[in-house]
Amino acid sequence: MSRQYIIISVIGAAGLAAVGLYLFMSAPIRCKDLPPMKLHIQSIDDLKALFPTTPQEIEARTRCSIERAQKMLDELLAIKPEERNFENTAYALDQLSAFSEIAVDEQVFELIEYVNPDKAMRDAAHVAALKIMDFLVDAINNNKALYNAFKEYAETIAHHETLRPDQRYFIEELMDDFKRSGLDLPDEQLEQIKKITKEIVALESDFTANIAADNRTVSVKREELAGLDDDFINALKRSENGEYLLGTDTPTYSKVMENCMVPETRKKLWLLFQNRAYPTNEKILKDLIAKRDGLAHKLGFGSYNDLDIDSMMAKTTDRVKSFLQELTDKMQKIVKQEYTEFKSDVPKTVELTEAGKFNPWDIIYVRNQYKKKHLNVDEQVVAEYFPLEHTIKELLKIYEQFLSLRFEQLTISGLWHEDVQLVAAHRTDDDALLGYLLLDLHPRANKYTGACQGWIIRAVQHEEGALYPMASIVIANFPKSTATKPSLLTRRNVETFFHEFGHAMHALLGRTYLASQSGTRVKRDFVEMPSQMLEEWLGNKEILKMISKHYKTGEQLPDALIENLIKVKRFDVQDWTQRVILISWLAL
């Protein structure tokens with residue numbers, strides 16, 4: 001269930017008995033002996049201190065952050081009605097929910113679940129996150145005493161205070177969110193909603209975690225990898241009988257689906273990729289759909305879509321459907337035209353179905369072969385111009401010039417993996433530290449398989465002028481360097497990095513007084529807009545020149561190839577848009 005201001009996002013589920021027993025048997029750390037978390041980070045050591053290194057520390061952090069959050073909540077509720085004001089009520093709640101130890105721990109434990117290679121740490125984070133979620137649902141999201149106190153303040157004193165637009169907006173949005181949580185319903189119904197909400201969050205988290213934990217592979221012989229380069233093949237793991245193992249990590253999947261000439265290999269890997277976490281997730285998905293629907297009806301909405309969209313800019317399901325239908329109609333002509341072009345020159349190894357359609361495991365390959373032949377773009381050749389280190393270095397220069405920033409690439413050790421890199425961001429006019437950006441860019445077992453950006457500490461500025469540096473992370477799964485080649489980024493990889501780094505810039509520069517409004521904490525149907533706009537730089541010839549450098553010759557992308565890449569960018573958008581439309585219809 002979407003929450004605009006109150007944080008309940010969590011990774012984890014109950015039932016990790018072994019971890020629970022381990023934590024129970026460990027000598028507990030007393031909260032009075034655990035220093036308060038430093039939220040005003042000023043150094044690499046401050047940043048590293050945000051990340052626990054043992055399951056015992058996770059358990060202690062969880063227990064103490066909940067204890068301290070409860071103390072903050074008790075103090076807020078103890079204020080007399082006539083003594084309430086924005087600072088001691090609204091601002092205090094904002095800090096508790098978005099700029100406190102429990103808020104940071106919630107994000108840190110989710111991150112541990114996403115990236116930490118150690119199973120004990122991931123399992124401990126599971127347990128911890130569930131405890132935090134339970135607390136946030138009970139003590140904040142569905143706390144009727146808190147709702148009544150805030151409602152009384154919002155309907156009386158707040159009307160007479162001199163408040164800025166952002167402060168009034170916070171009050172209005174929070175009241176709407178409280179109501180979407182069912183806090184204006186009778187106690188018996190509210191208890192049911194609490195229970196369902198916890199179950200939904202746990203199911204959502206389990207669904208994602210199961211996909212990340214699915215490490216199945218398909219094994220193929222050398223001849224079944226025809227069309228793939230030797231460097232890629234030699235870097236693959238081998239089975240006991242010497243066959244090559246293909247996993248569902250993004251670099252492997254993309255490389256095989258785009259370039260492998262053997263249909264059966266593409267089919268095997270496509271089926272494996274599409275069935276990640278199956279059949280485990282089948283029941284979870286069915287339960288999740290049923291519980292979401294039940295929750296929506298209990299809250300007075302016609303469907304979960306209506307509940308979910310109510311907090312967004314679109315506001316109603318009907319408006320979304322109308323928009324999608326209009327877009328679908330406009331796309332039909334272009335999609336049919338491209339489909340006809342594909343069918344006019346089908347690669348020899350591809351067979352159409354009896355109905356004259358492409359098999360799903362052939363579509364990526366067909367599109368890639370078409371680009372090579374008709375648009376003169378070989379994505380493997382293009383990738384040779386984008387060695388990761390150079391591309392990132394030049395990308396940082398672009399953002400420095402465009403956003404008046406100075407980036408400093410620093411060395412950091414002692415985190416969850418040696419691949420993690422660190423960038424410090426400074427403001428150019430006074431060199432003030434704006435924040436730290438962690439980069440975890442390569443695949444490994446049990447790591448989140450996609451690409452995303454997440455905040456750790458929000459960018460805020462207190463009214464007295466104190467600037468609090470933010471902490472954020474960009475996660476991706478780009479290919480690693482081999483014995484003969486550096487890590488080379490495909491055009492899609494470069495676009496992905498521009499996109500996710502755009503989110504990081506939004507988080508860095510979207511500094512606010514209220515932590516709940518900071519950075520990417522905007523309406524969910526707006527949050528992608530800034531980073532999607534920044535992606536458009538990849539359609540600019542000058543930018544492509546700047547970020548490209550052939551890993552052997554040092555040459556930039558030639559003009560002719562850039563022109564073809566720009567054509568491909570326009571060509572590809574039809575398929576991408578059609579896919580997004582389909583997923584959107586399915587979601588409705």
Side-chain angles (χ1 to χ4, degrees), residues 38-50 91 94-95 98-99 103-104 107 163-167 169-170 389-412 420-439 453-474 497-522 526-538 540 542-547:
K38 185 176 181 180
L39 299 179
H40 195 175
I41 57 173
Q42 293 289 326
S43 67
I44 295 177
D45 287 339
D46 291 343
L47 178 66
K48 290 172 63 174
L50 299 175
Y91 182 71
D94 165 77
Q95 294 292 282
F99 200 74
V104 173
Q107 295 299 314
L163 300 177
R164 299 189 308 269
D166 62 318
Q167 295 171 319
Y169 180 77
F170 175 81
E389 288 189 11
H390 174 80
T391 303
I392 290 179
K393 179 181 177 182
E394 295 305 314
L395 170 68
L396 294 179
K397 287 182 181 179
I398 293 170
Y399 280 108
E400 282 180 328
Q401 295 174 27
F402 189 71
L403 300 173
S404 298
L405 298 171
R406 180 180 71 82
F407 290 115
E408 183 181 8
Q409 293 184 277
L410 302 171
T411 300
I412 190 168
V420 180
Q421 303 173 53
L422 176 63
V423 176
H426 300 262
R427 195 164 51 196
T428 54
D429 58 355
D430 58 3
D431 209 40
L433 176 66
L434 295 178
Y436 290 105
L437 305 174
L438 293 168
L439 306 177
Q453 177 274 336
W455 66 271
I456 301 164
I457 291 183
R458 295 198 174 280
V460 298
Q461 182 163 340
H462 289 189
E463 284 195 321
E464 65 274 14
L467 184 152
Y468 279 54
M470 59 82 78
S472 177
I473 184 168
V474 172
F497 192 73
F498 261 74
H499 180 94
E500 300 305 339
F501 206 81
H503 281 309
M505 293 300 93
H506 188 184
L508 178 74
L509 300 174
R511 188 173 301 277
T512 54
Y513 158 66
L514 291 162
S516 300
Q517 298 173 350
S518 175
T520 56
R521 289 292 284 183
V522 295
F526 174 80
V527 71
E528 298 295 329
M529 180 61 70
S531 55
Q532 286 178 340
M533 290 172 62
L534 292 171
E535 277 181 41
E536 293 305 308
W537 274 341
L538 291 180
N540 182 284
E542 185 179 349
I543 295 294
L544 286 171
K545 285 279 190 184
M546 183 183 298
I547 67 175

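Sequential numbering from 1 along the given sequence is applied to the chain's residues. None of the values given here were measured: they were computed from a predicted structure.
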Should the ring pair [X] and [Y] be called parallel, tilted or perpendicular, given that the plane angle runs from 0 to 90° and is split at 30 and 60?
| X | Y | value |
| --- | --- | --- |
| Tyr468 | Phe99 | perpendicular |
| Tyr91 | Tyr513 | parallel |
| Tyr399 | Phe498 | tilted |

Determine the minimum heavy-atom distance between [X] and [Y], stating which atoms define it.
| X | Y | answer |
| --- | --- | --- |
| Ile41 | Ala471 | CD1-CB, 3.9 Å |
| Ile457 | Leu50 | CD1-CD1, 3.7 Å |
| His40 | Pro469 | CD2-CD, 3.5 Å |
| Leu439 | Val423 | CD1-CG2, 4.1 Å |
| Ala103 | Trp455 | O-CH2, 3.9 Å |
| Ala504 | Met470 | O-CE, 4.3 Å |

Quick one: pull up [atom1] in [X] and [atom2] in [Y] and give me the separation to the nearest 0.5 Å.
| X | Y | atom1 | atom2 | answer |
| --- | --- | --- | --- | --- |
| Ile473 | Leu422 | CD1 | CG | 10.5 Å |
| Met505 | Leu434 | CE | CG | 9.0 Å |
| Leu396 | Ile547 | CG | CD1 | 11.5 Å |
| Thr391 | Met546 | OG1 | CE | 12.5 Å |
| Leu467 | His462 | CG | NE2 | 10.0 Å |
| Gln42 | Leu47 | CD | CG | 12.0 Å |

Point to revise | Contacts of Glu394 that satisfy salt bridge (charged side-chain N to carboxylate O under 4.0 Å, His left out) - sequence neighbours left out | key: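 For Glu394, the residues satisfying salt bridge (charged side-chain N to carboxylate O under 4.0 Å, His left out) (neighbours in sequence not counted) are Lys397.
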**Study point:** Atom CD of Gln532 with >12 non-hydrogen neighbours under 6.0 angstrom
**Key:**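 Yes.
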Donor-acceptor pair, side chain of [X] and main chain of [Y], under 3.5 angstrom:
| X | Y | value |
| --- | --- | --- |
| Gln107 | Val104 | no |
| Arg511 | Val460 | yes |
| Glu400 | Phe407 | yes |
| Gln517 | Asp166 | yes |
| Thr512 | Ser518 | yes |

Review point. Side chain to side chain donor-acceptor pair (under 3.5 Å) with Gln453: which residues, sequence neighbours excluded?
Key: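 Only Ser472 meet the side chain to side chain donor-acceptor pair (under 3.5 Å) criterion with Gln453.
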Exercise for review: Go through the structure and list residues passing side chain to side chain donor-acceptor pair (under 3.5 Å) with Glu535, not counting sequence neighbours.
Suggested key: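 If we apply the side chain to side chain donor-acceptor pair (under 3.5 Å) test to Glu535, skipping adjacent residues, the hits are His499.
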Is any side-chain heavy atom of [Y] closer than 4.5 Å to one of [X]?
| X | Y | result |
| --- | --- | --- |
| Val474 | Leu438 | no |
| Phe402 | Leu405 | no |
| Lys48 | Ile412 | yes |

Check your understanding: Does the side chain of Thr520 pick up a donor-acceptor pair with the side chain of His503 at under 3.5 Å?
Key ->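 No donor-acceptor contact under 3.5 Å links the two side chains.
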